[in-house]
Structure formats: structure tokens, C-alpha cells
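I have placed the structure first, in the form of C-alpha cells, so that the comments after it can refer back to it.
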There are 2 protein chains.
Amino acid sequence: MKKILILGVGRSSSSLITYLEENARKYGWEITVGAHNKQSGLKRVSPPTQVKAFDVFNEDQLNNEVQASDVVVSMLPARFHPIVAMACLKYSKSMLTASYESDEILEMSTRAKSQGILFLNELGVDPGIDHMSAMRIINRIRERGHKLLCFESFTGGLIAPESDNNPWHYKITWNPRNVVLAGQGGPARFIQEGTFKYIPYHRLFRRTEVIDIEGYGKFEGYANRDSLKYIDKYNLQDVPTVYRGTLRRPGYCRAWDVFVQLGATDDSYTMQNTEKMTYKEFINSFLYYSLEDPVKTKLYQYMHIDQDSDVREKLEWLGIFDDTAIGLKNATPAQILEHIICNKWALEPDDKDMLVMWHKFIFQESGKQKTTLLTSSMVVTGDDQVNTAMAKTVGLPLAIAVKMVLSGQIRLTGSHIPTVREIYEPILNELELYGIRFNEKELA
Amino acid sequence: MKKILILGVGRSSSSLITYLEENARKYGWEITVGAHNKQSGLKRVSPPTQVKAFDVFNEDQLNNEVQASDVVVSMLPARFHPIVAMACLKYSKSMLTASYESDEILEMSTRAKSQGILFLNELGVDPGIDHMSAMRIINRIRERGHKLLCFESFTGGLIAPESDNNPWHYKITWNPRNVVLAGQGGPARFIQEGTFKYIPYHRLFRRTEVIDIEGYGKFEGYANRDSLKYIDKYNLQDVPTVYRGTLRRPGYCRAWDVFVQLGATDDSYTMQNTEKMTYKEFINSFLYYSLEDPVKTKLYQYMHIDQDSDVREKLEWLGIFDDTAIGLKNATPAQILEHIICNKWALEPDDKDMLVMWHKFIFQESGKQKTTLLTSSMVVTGDDQVNTAMAKTVGLPLAIAVKMVLSGQIRLTGSHIPTVREIYEPILNELELYGIRFNEKELA
């Protein structure tokens, strides 16, 4: 019996657990889930999967569970991965996550290598499937001797058209905290036509571009974090344009930018008197004082939002001018905003989400002047509120990688992301069986 | 002989050292200056003051110098004060600084108290003279039984009208790094008519108000850091408006905001290829890509700067569209911007700076409906490029406090700021002898 330890059971863990449970008998796996809240963990699993109440700060428990396992999957918030990784180093167990490869994890890479274990990061959808599907095409272009001139890649976790019934065309399909904090933590960085570009957070949502995906309509993309670090990871040193972005439906970014401009997405300080504050008072905290102007008028004036702007409808639909009490003690602006959007952007029981990925490549055939535009897109729709497209696309690559690690199919050690052919090829192939497949188009 | 140890000799230390040297014989003081660069230290002192090459990270040296002293003045960058304070705790020596009382220093307050020593912070001009002069008036208003309804306080280190010959009406009279970083590190916070207000950095320079000081013309003020923490320090719990601000000449903030919006004041990451980058390329790093538009056009378009805007003149005067090479390796945007402004905003040999402070109080006489507006302003002009108004107003309060500590006139222990009458009263009185005096006006 091989033992799989899954730490954390968030929104995106359902497909991961289902896949592993379905394959457990066949491959002789035993699955243990460590859940912060045992009851909510139990809802996600079926027997014989075990659920244990788990606290990552309980060092003894962490050590015992890691020691008893053969492989560890951390679905905890990313900041806890280094704690789990330390225990993995201690007992020589490999760890897989869907999170960005952090500096802390990178620093442990040499030790992991010498222990003969693997830290496999960025195994979800974005980051994850984006790397795998892009690398497959990049390698193909190169093997054919073509020269890559441009690589752009966009992903968005959105709501399916049939469940899209609000003016933002958005609902919460993953960690709502990350929805509020999206884009924070350093400028977005990329290279465009050979020029390095930097966009600070407070301009990010106004530097969008429009993308049209046949059959699914228009989207807008904004720059996603640091694209420059993927130049080395994808081996794109000679490519003049490298840009990674995030997709929303058109109009989302301009309206969201109002919260960014206000300072309402700031998670770095707690506000005064938040427990008794109303939604309207929250917004007013960021506006100039006026004896006469109502809060709504002040906001539209301050942000230059015209009377016919769709931004008004979006903001008013969220209820931000209501006299509803927030009821959170010592909250940061970001926590309050999360509270407001969670109420309005919640998935209803029959709602289906939609995961959209779109890659763009421009390459030049060797010895020819002609350039070719190649696009590759993937759209996955969720089954329901639990088996979401997000859960599938985050959980399945992870689950398949767990299988490959346990079966000895992946023999890498140290810290990696799935840009290596021996990892991405089998995962992408198996994902197709689950309807996660790409549609390519070439245009001269 | 009492021994005074001064660590660091920056722009603002000339008046501090001159005062202490002038009083050294009379009071029997011995002065030692620890300078990072001994040569530049020597330029600031006269015999018998000693200058030693000093490195705050040389623990033995720090310990030896602190142990040999009776009182320590730290003029080092604020982040080094806790290191000096640790040595002061070890050898029971009091430390005085012109910097904000940091959390680290506050945490050492109890230990300082039990050692019988004083950490006296915020003893410069802003913070410093602002606290002292405001507290004197606030206490007077209260002693007369009046009720304070509003307190606002603004300070600016500017250029004297006779030396004001650039379109920004600004030159560097203190640490240029702080000019670039001004306003960063959390939102500005204050309370206005009973409502707590928060302004994020990226809106700060567009939320100004105009202040007119008789004989000196108009200024604009933007909110300065966290005014809320002074509610307790000034004992203003019942006052509906408490606001601290920073002064510039009108037009400065709107133009400076262009750099904030671009992300050019960010000090959190290093840019690619900065050594060979030109000023124009630096600006272009923050702009959208365009095959056709020149950098200047893109900037004006992106920032909505009209053709008749004074912002254009200011930006072009700084040379930001020049092909001059920056020549700094691995620099942050803030470091590059500092490099650019230092060239242009340097004080010329005969230039005089000007320190402006302006307080506004509104109070209600007990039992009456009538409210009174009281303003109190201070304008100090520098003598030359070395004996600046900045150096006088930062250095003299510190120097006078050193005298008071050595003579036993201040007997407080623990960490403090000069809001206590026994500190501010003698300092304000002595400052008047140096031309640092306030002009009050009352209006019913």
C-alpha cells in the first residue's frame, strides 16, 4: 500500500480527491486528508479515505503524518508550503502543490535533491496547465526549426455563459481572498518587442487587451505577475515578447479598478470601527469629506465615472452604497471587500463555472520571411457548484502527477515546475480523457 | 567632562554640531562624531571635536563608543536606530533622534525605563517642532477651558523665493531618497469631522488642499502618514478633525503624481539593464508599447496631460525624455528617479532653503456658540547651502535637548516624543533666539 497525504481541502480539491479515490483500489493507495475542519473535510471524501483534523502548526502531528506517507500534496494556502516542505525534507517525502514555486521552496531545492525527493510546484491550471500546454507547443515550434517571436498566455477562472447573470460577469470559483488581492505584490513585468515593461498595481486594471475566443466571445486580459521569470524557465531568452495575463469578461477590470484606486483592496492595515461600519461608510472612508454630497456622488466624481458608464451599474449591483453593517472586527479593507463580494458573487447551487486558457504564438519558419500566428485555446465548463472547472483543472494535473510519482514515472529530484517533457506530456494526454483539451488555429 | 556621541553626519547635522561645539567649552562637553566617511565628517566639525570612521554594523566599535559616551545622538538613517538603541540599553545611555518613534524603539521602552535611560524621538522639525509648537497651543486652549474642534498641521522643506528658479519650485534640502519615497509605506490616515479617512499612496498627491501664508504666498498640502497615532499622543480623543500634512508649492503634487502613477517611485524591485538604460527608456518601461508614438506622446496620452498643462513643463525640465544614460547597476525605479532629480534639484552654492510650518486650530469657548480660528505659522530661511533652514530646524531642537539631558533638566525615562511640557517649553523658548518663532493669528 502506498500512502498519499493531502493537506488542506479547499474549493479546488474535489477533483483531486475524486481522481485519487477512483484510482486507489487499482493502484493500492491509501489516502489520508488533513483538514483544518474535520467536518468539512468529511464532506469532500468517500470511504475508505481517512479525514483527520489537522493543524499545520502542530509540529508533532505534521511530522507524524508526513513520516507515515509516501507522497504529500499540499493544498494549504501557499504560505504554509515551506513548513510542510521542511517536514518532507526530514522524512524524505516528495511534495506536490498547485502554487507558485516560492523563493523559500527554491532555497530547499539542493537539500531536496540530496535527499532524493521532488518538490513539484505549479501543478494546477494557472500556474500549471498553462506551462504544460505552452511548453508542448514551444518545443514543437523549435523542433521544426522555426523561430519564436512572440508568446502570450492568458487564463481566467470565470462563470459559464448559462450561469452568467450579474453585470460583472464574474462569480467566485476559487479562494475569494485571492480574487481581492489579485495583482498585488510587486509590479507586473513582461517583455514586449524587446522592451522590458513594468506595470504597478494601481495601473494594472487599466492596461488590458481584448481577446476574442471563437464560440465564447470577448474577454479582457491584464498582465499576471512576473512574466520575466518564465523567460529562463521556458527557455525563451531570444523571444522579444513574453507576456502572461489573466482573463476577465470585458468591463470587469475597469470597474474593479475603482476599488484599487480607492485603496479598498489593501490588506496591510486594519481600519477603525469596522464592526459597526456599513458598506457605505466603508466606501466613504476613502473619499474626500463633504458636508453636502452623498457618498455615491462623491465616488463618481472622484473616480470620474460618467452617468452612462457601465461601472455605475456594476458598483451599485454590489450594494456598496447600502447601509448594511459589515460586522467584522478589526478588519482590513481587503477583508471587508471580500466580505461584500462573497455575498454577491457566490455560486448558486446549479451554477457552472468556466475555465478559459488562451495562448498566442508568433513564429517565423526558418529561412522564410513569412510569420505564422498560432493560437491554442482551452475552455472547460464545470459540472456544478462542487465539481467546478476550477477544481478539475487545478486538481487533475496534481492527481495525475501524484500517480506518476508513486509509480516511479517521474524520477526528478529537487524543486521543479512542469515545463519538463517527461512531466507535461503524460499529464496533458491524460487530461484529454477528462475533456481538458486544446483547440489550435494557425494563420499565416 | 560629559561626552556626546553623534552617529552619522548627513545634510541636517550642521546646526546640531555647531550648537554643541559652541556650548562645549561653557558646559564642559567632549564631542565625538562617528561618520561613515571620515573625510566628509571632518568637513562638518571644528577642533576639538573628534571624527572617527564609524560603521554601525561593527558591533565592537558601536559598543565601545556608546560605553564611552554620556549621551548618544543618532543621525543615522532611521532603520539603524534600533541597533544603536540596543547598545544604549546595554550601557545605560540615553539616545536622541529626529526620526519617527518606531515600533522597535517602542518595544524597548520598558527596558529603557528600568535602566533609567531616555529614548527621545521625533526631535527634529517634522516630526519635532511641529509637536512642540502644536502642544503648546493645544494645552493653552484647554487651560482656558475651550473646546478644540479641529487641528491641522502642515510642514514643508522648500526653497526660498529668492532661490526659486525652477518650474517645480522645489530643490533637495534633505535626504533625496526620502523625497522620492515620501508618502509610501501604508495609507495616509486622519480623521475629518468625526470620520476616519484613508488615502492610498497612489491617490495621495491628488488629494491636496491649498494653504495661504501671509507674505509667503500659496502652498499645497498633502496628508502625511498616520495622523491617527497622534490622537493619543496629543490627547485629542474628543477632537473631530486631526490632520497632519506636508507642504509643497502649488503644482508640485500633480506633476509628482505622474511618477507615482508610472510606478517610477517603487523601491521594491530592481529593473533589467539599468546601467545602459537612458532616462527616456526608463520612462518608456512604464508605458504601453507602440511602434509609432514617441515616449513623450505616450506619457502625455497615458496620463491625460493636456497640451497647456504646467505638468509638461515640469517633466520636460527634469530631462526625463533625454537620451542620457543612467549608469546605475541593478537599480530600483526609485533609485533611478532619485538620480534624475538630484541632478536637477541640487542646491546651488548661494541657494537658500525655506522651512514652512503652519498649524490651524478651531476651538469653541466654553459656554459659547462662537468658534475661533487660530493659525500659527513659522517660516525659517537658510543662510546658505550648508546652514540650511532644514539643518537649523532639525538640528537645533536635538542640540538643545542634548543640553537638557546632560544638565539633568529632562528626567524622563523610557521612549518619548516631545509632547511633554517640560521638554517643549524650554526648547521652543530657546529656538526663538535662533529666529525659529511662530506667528499667531486669531479670527472669530
Side-chain angles (χ1 to χ4, degrees), chain A residues 150 184-204 206-209 223 226 228 231 240-241 243 257 259-274 277 280-291 295 302-304 332-333 336, chain B residues 150 184-204 206-209 223 226 228 231 240-241 243 257 259-274 277 280-291 295 302-304 332-333 336:
Chain A
C150 168
Q184 295 189 33
R189 308 176 213 198
F190 55 94
I191 182 165
Q192 196 167 7
E193 304 292 339
T195 306
F196 292 103
K197 296 286 184 187
Y198 308 85
I199 308 180
Y201 175 60
H202 62 266
R203 301 296 297 192
L204 191 60
R206 296 302 300 274
R207 291 275 290 269
T208 57
E209 53 182 281
D226 184 1
L228 302 183
I231 292 177
T241 298
Y243 181 101
D257 185 59
F259 295 124
V260 175
Q261 293 309 317
L262 285 177
T265 61
D266 193 334
D267 200 39
S268 73
Y269 70 97
T270 56
M271 302 177 79
Q272 305 284 324
N273 306 335
T274 56
M277 186 185 272
K280 187 164 74 183
E281 285 164 355
F282 170 64
I283 297 300
N284 192 35
S285 307
F286 306 109
L287 298 171
Y288 59 88
Y289 173 79
S290 161
L291 200 61
V295 171
Y302 185 44
M303 293 292 159
H304 307 297
T332 67
I336 295 171
Chain B
C150 168
Q184 295 188 33
R189 308 176 214 197
F190 55 94
I191 182 165
Q192 194 167 8
E193 303 293 339
T195 306
F196 292 103
K197 296 286 184 186
Y198 308 86
I199 308 180
Y201 175 60
H202 61 266
R203 301 296 297 194
L204 190 61
R206 296 302 301 274
R207 292 274 290 268
T208 56
E209 54 182 279
D226 184 1
L228 301 182
I231 292 177
T241 299
Y243 181 103
D257 185 58
F259 295 124
V260 175
Q261 293 309 317
L262 285 177
T265 62
D266 194 334
D267 200 37
S268 72
Y269 70 96
T270 56
M271 302 177 80
Q272 305 284 323
N273 306 335
T274 55
M277 185 185 273
K280 187 165 74 184
E281 285 165 354
F282 170 64
I283 297 300
N284 191 35
S285 307
F286 306 108
L287 299 172
Y288 59 88
Y289 173 79
S290 161
L291 200 62
V295 171
Y302 185 44
M303 293 292 160
H304 307 297
T332 67
I336 296 171

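Only heavy atoms go into these numbers, but all of them, side chains included; no hydrogens, no water, no symmetry mates. A, B, ... follow the sequence lines: proteins, then strands. Residue 1 opens every chain.
Both the backbone and the side chain of A:Met271 come within contact range of chain B, judged by heavy atoms closer than 4.5 Å. With a 4.5 Å cut-off on non-hydrogen atoms, B:Leu291 does not touch chain A at all. Using a 4.5 Å cut-off between heavy atoms, B:Asn273 touches chain A through its side chain atoms alone.
With rounding to the nearest 0.5 angstrom, the CG atom of A:Leu262 is 4.0 Å from the CE atom of A:Met303. The structure places CD1 of B:Ile199 at 6.0 Å from CG of B:Leu204, a figure rounded to the nearest 0.5 Å. Atoms OG1 and CD1, from A:Thr270 and A:Ile336 in turn, are 9.5 Å apart once rounded to the nearest 0.5 Å. To the nearest 0.5 Å, the span separating OH on A:Tyr302 from CD1 on A:Ile283 amounts to 12.0 Å.
When each of A:Ser285, A:Ser268, A:Ala264, A:Pro333 is scored by its heavy-atom pairs under 4.5 Å with chain B, the top score falls to A:Ser285.
The aromatic rings of A:Tyr198 and B:Phe286 are tilted relative to each other, their planes meeting at an angle between 30° and 60°.
In this structure, A:His202 contributes its side chain and A:Val260 its backbone to no donor-acceptor pair below 3.5 Å. In this structure a side-chain-to-backbone donor-acceptor pair under 3.5 Å is missing from B:Tyr288 to A:Arg207.
Using modelled atom types, one finds a donor on one side chain and an acceptor on the other under 3.5 Å when comparing B:Tyr201 with B:Thr265.
Of all residues spanning residues 187-197 of chain B, those with a heavy atom less than 4.5 Å away from chain A's heavy atoms are B:Pro187, B:Arg189, B:Gln192, B:Glu193, B:Thr195, B:Phe196, B:Lys197, arranged by number.
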